[in-house]
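Input: a single structure, listed below in structure tokens.
Just so it is clear, the model here is predicted, and its values are computed rather than measured. Throughout, numbering of the chain's residues begins at 1 and tracks the sequence.
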Amino acid sequence: HEVCGRHAELRRAATLIEGRIRQAGRIAAAPDWREIDWPAVGQAGGDPCSSPAVQDWLSEFTNAPIQLERGPLLRAALIRFSTSEAVLLV
């Protein structure tokens with residue numbers, strides 16, 4: 001999250017010019033950053049990412065459309081299942 005604050009390129013929007021996506025000159029909103037704690041899933045045993053609840057959330061998060069003209073073009077999430085197990089999505 002702090003990296004995006006230091007690098008404006010990660011916060012820029014995009015535009016479509018002659019059928020090609022180009023970086024816009026204006027700065028978009030801050031990147032979509034989420035932190036989720038799911039300790040119950042981590043305690044269930046097995047691969048926490050195979051949990052139906054986690055699969056549903058991952059599908060919604062990864063398939064949500066990105067508005068190129070508005071930005072941000074970057075979204076990330078940190079899902080913590082325990083103090084020693086987590087997943088970072090970018």
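Side-chain polar atoms of Trp57 and Gln55 form no donor-acceptor pair below 3.5 angstrom.
Note: Arg20 CZ to Thr15 OG1 = 13.5 Å, rounded to the nearest 0.5 Å. Here the CG-OG distance, from Asp56 to Ser51, works out to 8.5 Å after rounding to the nearest 0.5 Å. A distance of 9.0 Å separates CG in Asp32 from CD1 in Ile66, rounded to the nearest 0.5 Å. One distance of note links CD1 of Ile17 with CZ of Arg22; it measures 7.0 Å at 0.5 Å rounding.
No option in Leu89, Ile79, Val54 other than Ile79 meets the side-chain contact (heavy atoms from CB on, under 4.5 Å) test with Ile36.
Residues Ala53 and Trp38 approach most closely at O-CH2, 3.8 Å, considering heavy atoms. Nearest heavy atom pair, residue Leu78 against residue Ala86, reads CD1-CB, 4.1 Å. Heavy atoms only, all atoms of each residue included: Thr62 and Arg75 are closest at O-NH2, 4.1 Å.
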Exercise for the section: Evaluate the side-chain contact (heavy atoms from CB on, under 4.5 Å) criterion for residues Val87 and Phe81: first the C-alpha distance (whole Å), next the side-chain angles of each, then the deciding distance (0.1 Å), finally the verdict. Expected result: CA-CA 8 Å; Val87 172; Phe81 299 111; 3.7 Å; yes
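Open room surrounds CD1 on Ile21; 12 or fewer heavy atoms of other groups in view lie less than 6.0 Å from it.
Judged by the 6.0 Å and 45° rule, Arg34 forms no cation-pi pair with Phe61.
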